[in-house]
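Read through the structure below, which is laid out as structure tokens, and then see the notes.
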Amino acid sequence: MKIFLNDTLVDSTEAKISVFDHGLLYGDGIFEGIRLYNGCVFKLDAHLERLEYSAKAIMLKMPWSRQEIADAVCETCRANNLKDGYIRLVVTRGEGSLGLSIQNCKRPQLIIIADTIQLYPEEFYENGLSIITVPTRRCNPAALPPSVKSLNYLNNILAKIEAQHLGYHEAIMLNDQGYVAECTGDNVFIIHKGELITPAASAGALKGITRDTALEIADELGIPWREANMTRYDVWVADELFLTGTAAEIVPIVEVDARSIGNGKPGAITARFLESFRRRVSVEGTML
Ligand code: PXG
């Protein structure tokens with residue numbers, strides 16, 4: 001497998017970074033997870049824009065232009081003969097020294113991995129998924145803005161461990177005020193009385209690219225949507241519920257905290273979102 005490291009493709013056995021990299025020492029860096037569908041990179045520009053915003057927020061100056069990174073992404077996919085897959089783009093603060101100061105971090109590191117993706121089983125889309133709210137909360141935006149897709153995923157990992165410990169694949173995370181923020185790697189949407197509702201970024205949600213696509217689909221389907229604070233109660237009494245994410249795409253949820261959602265089966269409106277999403281990924285994207 002070929003990995004893009006800084007400005008060149010190297011074999012995966014040669015793709016190594018320093019143990020003094022601040023990405024490793026402090027989680028000091030940012031990343032993106034992107035999908036390749038049928039030889040086209042889905043929403044590449046939106047992912048690279050979010051990467052730039054994440055970099056700006058953590059004051060990491062990337063020495064590569066958006067076009068250079070886009071070219072590197074496509075080159076990495078081509079080098080690995082991929083038509084469908086998952087692209088992990090990581091930018092670290094680079095090699096520095098022990099200590100929090102970034103003064104000695106002279107050169108950020110760019111890592112691009114393009115590989116096949118382990119998809120959720122089709123059964124999850126047909127029968128829906130059961131999830132649970134876990135105690136671990138999303139970071140307060142004043143501490144670490146959840147809009148930054150940083151290498152600090154420990155609170156999400158703890159939430160995932162808590163869910164898996166109880167036999168669930170995904171978990172709802174609340175923000176520090178007790179409102180629903182999102183799941184460990186997916187955004188949350190409810191449908192209630194014909195309206196689509198999702199937590200705002202200010203409530204601790206990542207500005208998901210799939211989330212944006214779901215809002216575009218809502219406009220296409222003529223379904224009114226809004227961002228709002230959501231309590232667990234709002235989730236429990238929703239008519240339908242689904243999650244969105246690059247890896248998960250659009251997954252229907254049929255049970256939350258042991259309460260059935262709607263009639264306990266994937267909802268009809270959710271099915272329309274999934275259908276539209278799958279059509280979009282087959283016709284949109286940046287060709288390799
Ligand atoms: N919330 C969080 C916390 C995420 O990490 C999403 C929402 C959905 O955003 P997108 O832009 O993907 O619609 C994410 C995305 C992985 C993986 O390897 C994680 C994500 C995406 C792709 C792969 O676990 N998280």
Side-chain angles (χ1 to χ4, degrees), residues 4 29-58 60 62 64-78 82-91 108 110-115 117 119 141 145-151 153 156 181-189 196 198-221 223 225-227 242-251 273-274 276-288:
F4 196 95
I30 52 182
F31 78 103
E32 282 295 321
I34 311 171
R35 285 287 286 276
L36 175 71
Y37 292 99
N38 195 25
C40 292
V41 187
F42 189 62
K43 302 273 184 194
L44 179 57
D45 200 57
H47 280 285
L48 296 183
E49 182 185 69
R50 186 170 66 185
L51 184 77
E52 287 169 7
Y53 289 163
S54 292
K56 185 165 190 183
I58 70 162
L60 190 163
M62 293 198 292
W64 318 278
S65 68
R66 191 183 297 189
Q67 191 58 52
E68 280 170 333
I69 300 179
D71 291 345
V73 164
C74 294
E75 195 185 336
T76 311
C77 292
R78 282 195 300 267
L82 282 175
K83 281 255 169 296
D84 293 276
Y86 173 69
I87 301 151
R88 168 63 60 93
L89 211 164
V90 181
V91 177
L110 170 64
I111 303 161
I112 305 172
I113 306 167
D115 202 355
I117 182 170
L119 296 172
S147 297
V148 177
K149 206 163 160 60
S150 82
L151 295 182
Y153 256 51
N156 297 49
E182 60 179 340
C183 287
T184 66
D186 306 297
N187 290 110
V188 180
F189 287 82
L196 184 71
T198 193
S202 55
L206 182 81
K207 292 182 184 179
I209 308 293
T210 323
R211 175 184 185 273
D212 279 348
T213 309
L215 297 176
E216 281 171 30
I217 294 172
D219 287 337
E220 171 196 297
L221 298 177
I223 293 169
W225 62 265
R226 66 188 162 93
E227 296 180 331
F242 63 80
L243 310 183
T244 65
T246 293
E249 303 181 324
I250 293 180
V251 193
F273 274 85
L274 181 58
S276 174
F277 183 81
R278 290 197 163 155
R279 188 176 43 72
R280 279 165 184 256
V281 299
S282 68
V283 297
E284 281 181 28
T286 305
M287 224 188 290
L288 292 184

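Here the structure is a predicted model, which is why all the values come from computation and not from measurement.
Applying the 6.0 Å contact sphere to CZ of F31 captures more than 12 heavy atoms from other residues, nucleotides or ligands.
The two residues A70 and L44 come nearest to each other via the heavy atoms CB-CD2, 3.8 Å. Across A205 and A181, no two heavy atoms sit closer than the pair CB-O, 3.6 Å. Between A218 and W225, the shortest heavy-atom contact is CB-CD1, 3.7 Å. In terms of heavy atoms, T210 sits closest to G245 at OG1-C, 3.1 Å. Across all non-hydrogen atoms, the minimal contact from N38 to D84 is N-OD1, 2.8 Å.
Looking at N187 and L243, their side chains never come closer than 4.5 Å, going by heavy atoms from C-beta outward. For the pair T244 and F242, the minimum side-chain heavy-atom distance is below 4.5 Å. For the pair I209/H47, a side-chain contact is recorded, criterion being any heavy-atom separation below 4.5 Å from C-beta on. Counting heavy atoms from C-beta on, the side chains of D115 and Y86 never come closer than 4.5 Å. In this structure the side chain of I34 never reaches within 4.5 angstrom of the side chain of T246, judged on heavy atoms. In this structure, L288 and V41 have side chains that are in contact, with non-hydrogen atoms separated by less than 4.5 Å. At least one side-chain heavy atom of R35 sits less than 4.5 Å from a side-chain heavy atom of I117. Residues E32 and R88 form no side-chain contact, since every pair of their non-hydrogen atoms from C-beta on lies 4.5 Å or further apart.
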Original post:
Given the rule in the ring pair (Phe, Tyr, Trp, His ring centres under 6.0 Å) test, do F42 and F277 qualify, once you have shown the distances and angles that lead to the verdict?
Top reply: CA-CA 11 Å; F42 189 62; F277 183 81; 5.7 Å; yes

Subject >> salt bridge (charged side-chain N to carboxylate O under 4.0 Å, His left out) between R66 and D45, worked out >> reply: CA-CA 8 Å; R66 191 183 297 189; D45 200 57; 3.0 Å; yes

Subject >> Derivation and outcome, side chain to side chain contact (heavy atoms under 4.5 Å, CB included), residues K43 and T213 >> reply: CA-CA 9 Å; K43 302 273 184 194; T213 309; 3.4 Å; yes

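None of T76, L110, I111 except one satisfies the side-chain contact (heavy atoms from CB on, under 4.5 Å) rule with L89; the exception is L110. Tested against R211, the residues E216, E182, E227 include a single salt bridge (Lys or Arg N to Asp or Glu O under 4.0 Å) partner, E227.
With salt bridges taken as basic N to acidic carboxylate O contacts below 4.0 Å, one links R280 and E220.
Taking the six-membered ring for Trp, F189 and F273 have ring centres at least 6.0 Å apart.
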